[in-house]
Amino acid sequence: MARLTLSLSCVDYDRTRAIFEEKVRVEGCEIVGTPMSPEEAFHRAFKFQEFDITELSMSSYMNLVAKDEAPYVGIPAFLSRMFRHSSIYIRTDKGIDGPEGLKGKVVGVPEYQMTAALWVRGMLQDEYDVTPADMRWRDGGLEQGGKIPNVSLNLPDGVELETIPTDRTLSDMLDKGEIDALMSARAPSCFGRNDKVARLFPDYRAAEEAYYRKTGVFPIMHLVGIRRSLVEAHPWLPVNALNAFIEAKEVCYRNLAKVGHLFTTLPWPVDEYEAAKALMGEDYWPYGVAANSAEIEAMTRYSYEQGLTARKLSAEDLFAASTFKLAKV
C-alpha cells in the first residue's frame with residue numbers, strides 16, 4: 001500500500017530522535033525529517049509553509065488561529081516546555097531588587113509575542129502584580145539587527161512597544177545600560193561577560209520549583225502543526241502523528257532511566273530523572289489536551305489579556321478534534 005511522503009521539521013530533541021532515526025513511524029507515512037533550530041522552523045513555517053509537519057511557536061500559532069489565518073492544525077504534542085524564571089535578565093545598577101522593580105523600566109524582548117515572553121508576563125502579573133503596561137517595551141534582534149516579527153500585533157492601550165533601530169541589538173543595549181532588563185529564551189551574549197548584567201532570579205531553579213508546587217503548571221513553549229490541507233484530505237493523520245510523538249517520548253523516558261550506560265553526557269542524569277518524577281509525576285512531560293488543561297487555559301488567557309489574540313481561544317480552537325480522546329487498550 002502506498003504511503004504518504006511527508007516532510008518534518010523540528011529540533012532533534014531526545015524526545016523526537018526516535019522519529020528521525022525511524023525507530024518510531026507515523027503509521028501510513030514516510031517521514032522525511034529535517035532537524036533545525038526552533039527559530040528556523042518557525043520562520044520557514046509561518047513565512048513559507050515549507051513543511052508538512054512542523055514545530056511551531058505556541059504563541060504565534062494562537063495569534064494566527066484567532067485571525068483564522070493558521071495554515072497548520074495543531075496536535076497536542078508539546079515538544080518544548082520550559083520554566084521561564086531564568087529568562088529575565090536585568091541591569092544590577094537600575095534599582096531592580098525583585099520583580100516589582102521592573103515597574104517603569106525599559107524592557108527588551110526579541111519578539112513581543114514570543115511564547116517565552118508570554119509566560120514571563122503572565123507569571124509576573126499572576127504572582128507579583130506586575131502588568132505589561134507597567135513596563136516600556138523594546139523589540140528587535142537579540143544578537144543581529146533587523147529582526148522582523150513573525151506576526152502583526154494590536155496591543156492594548158497603555159502598552160508601549162517600540163522597535164529598536166535595525167543597526168542595534170538588544171544584547172548590546174543591555175550591555176550598555178540603554179535598556180534596563182531583557183526577556184529572552186536565549187541568554188544574551190553580554191550575560192556572563194558584564195558583571196552588571198544578571199538574572200532577576202539568580203537561583204531560578206528554586207523559584208521555578210516553588211512556582212510548580214504552587215501552580216502545578218509546566219509551561220508549554222512549542223506544539224506540532226500539520227498542514228491544514230493534509231488534515232482535510234487525510235483525517236486520520238493527526239492521531240497517527242500524535243501517537244508517533246507519544247511513542248518517541250516513551251523511548252526517551254526509557255533511555256533516561258537506564259543506569260547501566262548513560263544516554264546523556266551528564267554524570268547523574270538518572271538521578272535528575274528520578275527527581276523530576278518525584279516533583280512532577282511519572283509522565284512529567286505530558287502530551288494531550290486533558291493532561292495540559294491548566295497550561296492551555298493559562299496560555300489562552302494570557303494571550304487574550306496581553307492583546308496577542310482578539311478573542312479568548314479554547315482548546316477546541318487549537319487542536320484537531322480527533323486528538324482529544326485517544327483509543328485505550
Side-chain angles (χ1 to χ4, degrees), residues 1-45 48-58 61 72-82 185-186 218 220-227 230-231 234 236-274 276-277 280 282-288 291-292 319-320 322-323 326-327 329:
M1 181 182 296
R3 295 174 178 268
L4 287 179
T5 299
L6 302 178
S7 57
L8 165 68
S9 68
C10 68
V11 176
D12 181 19
Y13 300 111
D14 56 359
R15 50 201 171 272
T16 59
R17 191 159 303 139
I19 295 175
F20 282 111
E21 294 177 347
E22 299 183 356
K23 294 177 181 177
V24 170
R25 304 183 67 91
V26 178
E27 289 298 325
C29 303
E30 293 289 342
I31 298 298
V32 180
T34 304
M36 63 183 63
S37 70
E39 293 89 346
E40 183 175 3
F42 302 162
H43 174 76
R44 295 170 71 171
F48 307 110
Q49 294 86 56
E50 291 184 25
F51 297 96
D52 298 316
I53 304 174
T54 186
E55 186 170 357
L56 296 174
S57 156
M58 188 75 176
Y61 173 67
Y72 292 94
V73 175
I75 64 172
F78 303 115
L79 303 187
S80 178
R81 312 178 72 126
M82 191 170 178
R186 293 178 180 267
F218 184 14
I220 292 166
M221 298 294 130
H222 308 161
L223 77 159
V224 172
I226 303 175
R227 193 186 303 278
L230 283 168
V231 173
H234 308 284
W236 48 268
L237 183 55
V239 169
N240 285 21
L242 177 58
N243 283 335
F245 281 103
I246 291 172
E247 185 179 350
K249 178 165 64 77
E250 291 300 323
V251 171
C252 172
Y253 278 162
R254 291 195 295 270
N255 287 339
L256 287 173
K258 290 181 180 178
V259 72
H261 54 278
L262 301 178
F263 279 79
T264 56
T265 313
L266 292 168
W268 299 287
V270 179
D271 184 63
E272 281 292 319
Y273 177 57
E274 294 299 331
K277 290 194 296 180
M280 303 170 68
E282 286 291 319
D283 186 12
Y284 58 83
W285 198 296
Y287 293 168
N292 291 280
F319 303 106
S322 58
T323 63
L326 301 182
V329 178

Would you check if [X] and [Y] make a side-chain contact, meaning some heavy-atom pair closer than 4.5 Å?
X	Y	result
Ser57	Phe42	yes
Val32	Leu6	no
Pro76	Leu242	yes
Trp268	Glu274	no
Tyr287	Leu79	yes
Leu262	Leu266	no

Legend entry - Residue of the set Val224, Asn292, Leu223, Ile75 for which side-chain contact (heavy atoms from CB on, under 4.5 Å) holds with Phe319: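 Considering Val224, Asn292, Leu223, Ile75, a side-chain contact (heavy atoms from CB on, under 4.5 Å) with Phe319 is found only for Leu223.
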Could you give the distance from [atom1] ([X]) to [atom2] ([Y]), rounded to the nearest 0.5 Å?
X	Y	atom1	atom2	value
Phe263	Asn255	CZ	CG	4.0 Å
Ile53	Ile31	CD1	CD1	4.0 Å
Ile220	Ser80	CD1	OG	10.5 Å
Phe20	Asp12	CZ	CG	5.5 Å

Could you tell me whether the side chain of [X] and the main chain of [Y] form a donor-acceptor pair under 3.5 Å?
X	Y	answer
Glu55	Ser9	no
Gln49	Ala45	yes
Arg81	Met221	no
Ser37	Val11	no
Asn240	Val26	no

What heavy-atom pair brings [X] and [Y] nearest, and what distance separates the two atoms?
X	Y	value
Val231	Pro238	CG1-CG, 3.9 Å
Phe245	Ala77	CB-CB, 3.9 Å
Phe51	Met36	CZ-CE, 3.5 Å
Ser322	Val239	O-CG2, 3.2 Å
Ile226	Leu230	CG2-CB, 4.4 Å

Inset, instruction - Kindly indicate whether a cation-pi arrangement holds for Arg15 with Tyr13, taking the cut-offs as under 6.0 Å to the six-membered ring centre and within 45° of the axis. - result: yes
Are [X] and [Y] ion-paired here, with the side-chain N under 4.0 Å from a carboxylate O?
X	Y	answer
Glu250	Arg254	no
Lys277	Asp283	no
Arg25	Glu247	no

Legend entry - Steps toward side-chain contact (heavy atoms from CB on, under 4.5 Å) verdict (Cys29, Leu237): CA-CA 9 Å; Cys29 303; Leu237 183 55; 3.7 Å; yes
Legend entry - Among Asp52, Thr54, Thr34, the one residue meeting side chain to side chain donor-acceptor pair (under 3.5 Å) with Ser7: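 Of all the options given, the one that passes is Asp52.
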Inset, instruction - Establish, yes or no, whether a centroid distance under 6.0 Å links the rings of Tyr253 and Trp285. - result: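 Centroid separation for Tyr253 and Trp285: 6.0 Å or greater.
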Legend entry - Proximity of His222 and Tyr61 rings by center, below 6.0 Å: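 For His222 and Tyr61, the ring centres are not under 6.0 Å apart.
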Legend entry - Whether over 12 other heavy atoms sit under 6.0 Å from Glu27 CD: no
